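Data block below; observations after.
This one's a predicted model, so the numbers in the text were calculated from it and none came from an experiment. A, B, ... follow the sequence lines: proteins, then strands. Residue 1 opens every chain.
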2 protein chains.
Amino acid sequence: MSLRSQLLKGILDGCVLAVIEKEPVYGYELSKKLQEFGLSDVSEGTIYPVLLRLQKNGLIMGEMRPSESGPNRKYYFLTKEGKESLNMIVSEWKQMVEPVNSLFKGRDENEGETFN
Amino acid sequence: MSLRSQLLKGILDGCVLAVIEKEPVYGYELSKKLQEFGLSDVSEGTIYPVLLRLQKNGLIMGEMRPSESGPNRKYYFLTKEGKESLNMIVSEWKQMVEPVNSLFKGRDENEGETFN
DNA sequence: TCAGCTATTTTGTTAAGCAAGATAGCTGGG
DNA sequence: CCCAGCTATCTTGCTTAACAAAATAGCTGA
C-alpha cells in the first residue's frame, strides 16, 4: 500500500462528503472528481465501499436515476447528519494538521546530503 | 475507533521520525512528547509497535541505556534511510494537505442550523 | 451480435491504531 | 525485608480502512 493511501485514511470520508455537499454526484463521477482535485489513485474499489458505509451511517442518501447514455446512476445527497458530520471532520482535520505542520516545520530537506 | 485515530494513520510514522530527528528519545518519553505537541491519546500500545516497525525497516536504530531512576531505556536514533524517508513523508504530506484544504475551504460551518 | 464503454457491487488482502494486559526493574515506606 | 507504586517495554487481539481484482450488467455503435 502506498504512502499516499495511508495518508488518505480517515480523511477520505470527509473529502467525499465535501464533494457531495457542493452538488450530488454518482460514484463513478466522484472518483474522477477526486482525482482532479489531486487525490490520485482513488478508484472504484475505494469509492463504493465508502459510499455504502456513509449511507449505512445515514450521512448520505442514494437515489437511482436513469442515464441518458449508459447504465443507471446512483446519485448521492448529503443528509443533515452528513452536514454535521462534515463540520466535525473539518474541525478535527484542522486540529490535526496544525501540530503535524509544526512538527514538520523548519526542517532542512537536504540535511542528509549536505556533506557529500 | 475515533476520527482522530483514523487521521493519525499514515502520518504517525512521520511524526515519530520528526521528533527523533530533533533528539534521540525513548518510547515512553516519545508518547509524552507527541501528546504535548497536540497529538493526544498516543499511548504506549500505539508507540511501541511503530518504533519496532520503523527499526525493522531500518529507519531508526535502538540502543539500550541505563536509567538513573528506573528500568533501562531504549533510545532511538534516525538512520540515513530514516532521514530520507522523513523527507519523502513530509513532501507527500504537503501534496496531500493542499487538495484537502482546498476541498474544505469556504464552507459555512453553520449551514445546517441557519434556518431553525 | 458483440465489442467496448459506463457504472455498481462484492470479496479478500493488508495494514494501522489502540485498549488491555503481561513482564520487569527501580524506589521508598512500613 | 517486602510490597506498593512508578517507570518502561513489549505483546495480543480487535476493529476499521484502502484497494486490487473480479463479477455483474446496461447501453451504444459497428
Side-chain angles (χ1 to χ4, degrees), chain A residues 1-17 24-35 39-57 59-76 89 92 96 100, chain B residues 1-17 24-35 39-57 59-76 89 92 96 100:
Chain A
M1 189 181 284
S2 74
L3 176 53
R4 181 68 62 90
S5 300
Q6 281 305 314
L7 290 175
L8 260 187
K9 290 209 179 200
I11 203 52
L12 182 56
D13 285 17
C15 294
V16 168
L17 291 176
V25 291
Y26 55 99
Y28 197 78
E29 185 188 12
L30 179 60
S31 88
K32 303 258 150 83
K33 287 213 174 195
L34 286 177
Q35 285 174 23
L39 274 4
S40 52
D41 305 319
V42 179
S43 58
E44 290 83 19
T46 301
I47 280 301
Y48 287 107
V50 169
L51 289 172
L52 292 177
R53 176 161 35 84
L54 291 177
Q55 182 170 34
K56 191 178 135 207
N57 295 340
L59 306 187
I60 60 178
M61 286 288 300
E63 183 189 304
M64 268 302 193
R65 288 188 190 170
S67 165
E68 294 174 1
S69 61
N72 289 350
R73 299 164 171 172
K74 190 183 272 182
Y75 282 81
Y76 288 96
I89 290 173
E92 295 254 17
M96 173 82 192
V100 174
Chain B
M1 188 181 288
S2 74
L3 177 52
R4 178 69 61 91
S5 301
Q6 281 305 316
L7 290 175
L8 260 187
K9 289 208 179 198
I11 202 52
L12 182 55
D13 285 16
C15 294
V16 168
L17 291 175
V25 290
Y26 56 99
Y28 197 79
E29 185 188 10
L30 179 60
S31 88
K32 302 258 151 84
K33 287 214 173 193
L34 287 176
Q35 286 176 24
L39 274 5
S40 52
D41 305 320
V42 179
S43 59
E44 291 81 19
T46 301
I47 280 301
Y48 287 108
V50 169
L51 290 172
L52 293 176
R53 175 161 36 84
L54 292 176
Q55 182 170 37
K56 191 178 135 207
N57 295 341
L59 306 186
I60 59 178
M61 286 286 299
E63 184 190 302
M64 268 302 191
R65 288 187 190 172
S67 165
E68 294 174 1
S69 62
N72 289 350
R73 298 162 171 173
K74 191 182 271 181
Y75 281 82
Y76 288 96
I89 290 173
E92 296 254 16
M96 173 81 192
V100 174

Once each nucleotide of nucleotides 22-30 of chain C is scored for protein heavy atoms under 4.0 Å, what B/S/- sequence comes out, 5' to 3'? ---BSS---
Once you apply a heavy-atom cut-off of 4.0 Å, does Leu12(B) come out as touching a base, just sugar-phosphate, or nothing? sugar-phosphate
What is the separation between atom NZ on Lys9(A) and atom P on dC19(D), rounded to the nearest whole Å? 8 Å
Less than 4.5 Å apart, any side-chain heavy atom of Arg73(B) and any of Tyr28(B)? no
Taking the side chain of Arg73(A) as heavy atoms from C-beta outward, which of dC18(C), dA18(D), dA7(C) is closest to it? dA7(C)
Tell me the interatomic distance from Leu30(A), atom CG, to dT9(C), atom C1', rounded to whole angstroms. 15 Å
Separation of dT7(D) atom P from Tyr48(B) atom OH, nearest Å, is 12 Å
How long is the line joining CZ of Arg53(A) and C1' of dT16(D), in whole Å? 8 Å
Look at all strands and tell whether Leu51(A) reaches a base, only sugar-phosphate, or nothing, counting heavy atoms closer than 4.0 Å. nothing
Can you tell me how far C1' of dA25(D) sits from NZ of Lys74(A), to the nearest Å? 14 Å
CG of Leu17(B) to CD1 of Ile11(B), rounded to nearest 0.5 Å, is 9.5 Å
Need one value for Thr46(A): base, sugar-phosphate or nothing, where a base atom within 4.0 Å counts as base even if backbone is also close, heavy atoms only. base
Ignoring backbone atoms, establish whether Tyr26(A) has a side-chain N or O less than 4.0 Å from OP1 or OP2 of dT8(C). no
Gap separating the CE atom of Met96(A) from the CD atom of Gln6(B), nearest 0.5 angstrom: 10.5 Å
Would you kindly give the CG-to-P distance between Leu34(A) and dC19(D), to the nearest whole Å? 11 Å
For Glu29(B), report the nucleic acid contact type (base, sugar-phosphate, nothing); a contact means any heavy atom under 4.0 Å. nothing
What's the spacing between Leu51(A) CG and Lys56(A) NZ if we round to 0.5 Å? 14.0 Å
Can a donor-acceptor pair be found, under 3.5 Å and without considering hydrogens, that links the side chain of Tyr26(B) to the backbone of Gly62(B)? no
Atom OH of Tyr28(A) to atom P of dT9(C): distance rounded to whole Å? 15 Å
From Leu52(B) CG over to Ile60(B) CD1, what is the distance, rounded to the nearest 0.5 angstrom? 8.0 Å
Check each of Thr46(B), Leu8(B), Val25(B), Ile47(B) against Leu34(B) using the side chain to side chain contact (heavy atoms under 4.5 Å, CB included) test, and report the only one that passes. Ile47(B)
Under 4.0 Å, counting only non-hydrogen atoms across every strand here, what does Val50(B) touch: a base, just sugar-phosphate, or nothing? sugar-phosphate
Leu7(A) CG to dA17(D) C1', straight-line distance once rounded to whole Å: 14 Å
